[in-house]
> 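Encoded as structure tokens, here's the structure I'll be asking about.
Throughout, residue positions are numbered sequentially from 1 according to the sequence presented.
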Amino acid sequence: MAATPPTDAELNTMIRARLASLGIDLDQLPAGTTADPVTGSPGRDSVLASLRSFVRGSVATLASFQMPAPAGSDPAHAAALSQQPAPMLYPSISTAWRR
């Protein structure tokens, strides 16, 4: 059974919840699609439309990305092996704070 795409209202709820968890309140923006003439802030409806477009167009693509497994890996284990951490430029910085 194929998943049904979310409605605009469902996406608005998800976007608002995600932004609220980061401390961003969209209600601080001017209502509607018209930008605020004083501050230049975009309208709340414009921001939500843009974020809905981003979620519909990018998130599924990003979520389905799978890092390539190391050469010679068993195909049955390729998905698990692709979850290895990405190489870091300065690994000592990362390992120091994880101790």
Side-chain angles (χ1 to χ4, degrees):
M1 180 171 160
T4 58
T7 64
D8 285 354
E10 291 170 336
L11 280 178
N12 286 348
T13 302
M14 187 275 300
I15 290 167
R16 284 179 169 274
R18 178 68 179 131
L19 291 176
S21 73
L22 299 171
I24 299 169
D25 182 12
L26 288 181
D27 291 329
Q28 300 297 315
L29 295 172
T33 58
T34 307
D36 186 312
V38 176
T39 63
S41 298
R44 185 180 321 131
D45 295 339
S46 302
V47 171
L48 281 171
S50 177
L51 291 171
R52 281 193 309 266
S53 175
F54 171 76
V55 169
R56 284 189 173 117
S58 303
V59 173
T61 303
L62 293 173
S64 66
F65 177 76
Q66 183 175 339
M67 293 284 292
S73 301
D74 180 7
H77 303 293
L81 291 172
S82 73
Q83 300 301 312
Q84 299 297 316
M88 298 183 69
L89 185 59
Y90 301 105
S92 61
I93 295 170
S94 172
T95 56
W97 64 264
R98 286 187 283 172
R99 289 183 188 174

> Any chance you could measure Leu19, atom CG, to Leu51, atom CG, to the nearest 0.5 Å?
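Leu19 CG to Leu51 CG: 6.0 Å, rounded to 0.5 Å.
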
> To the nearest 0.5 Å, tell me how far Thr33 OG1 sits from Leu48 CG.
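One finds 12.0 Å between OG1 of Thr33 and CG of Leu48.
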
> My understanding is that only residues two or more places apart in sequence, or in another chain, count here; which of them pass side chain to side chain donor-acceptor pair (under 3.5 Å) with Ser41?
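With neighbours one apart ignored, the set is Thr39.
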
> Indicate if Val47 and Val59 have the same hydrophobic cluster label, given that clusters are the connected sets of ILVMFWY residues with side-chain heavy-atom separations under 4.5 angstrom.
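Cluster IDs for Val47 and Val59 match.
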
> Distance from Thr7 atom OG1 to Arg52 atom CZ, nearest 0.5 Å?
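It is 9.5 Å, given to the nearest 0.5 Å.
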
> For Ala35 and Gly40, work out which heavy atoms get closest and say how close.
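Shortest heavy-atom separation between Ala35 and Gly40 comes out as CB-O, 4.2 Å.
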
> Taking all non-hydrogen atoms of both residues into account, name the closest pair between Thr61 and Gly57 and its distance.
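Residues Thr61 and Gly57, closest heavy atoms: OG1-O, 3.6 Å.
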
> Does the Gln28 side chain pair with the main chain of Asp25, one donor and one acceptor, at a distance under 3.5 Å?
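Such a contact is absent between Gln28 side chain and Asp25 backbone.
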
> Check whether Ser21 reaches the backbone of Arg18 with its side chain - one donor and one acceptor, N or O, closer than 3.5 Å.
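Side chain of Ser21 to backbone of Arg18: a pair is present.
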
> Any ion pair linking Arg56 and Asp8 (charged N to carboxylate O, less than 4.0 Å)?
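A salt bridge is present here (some side-chain N lies under 4.0 Å from a carboxylate O).
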
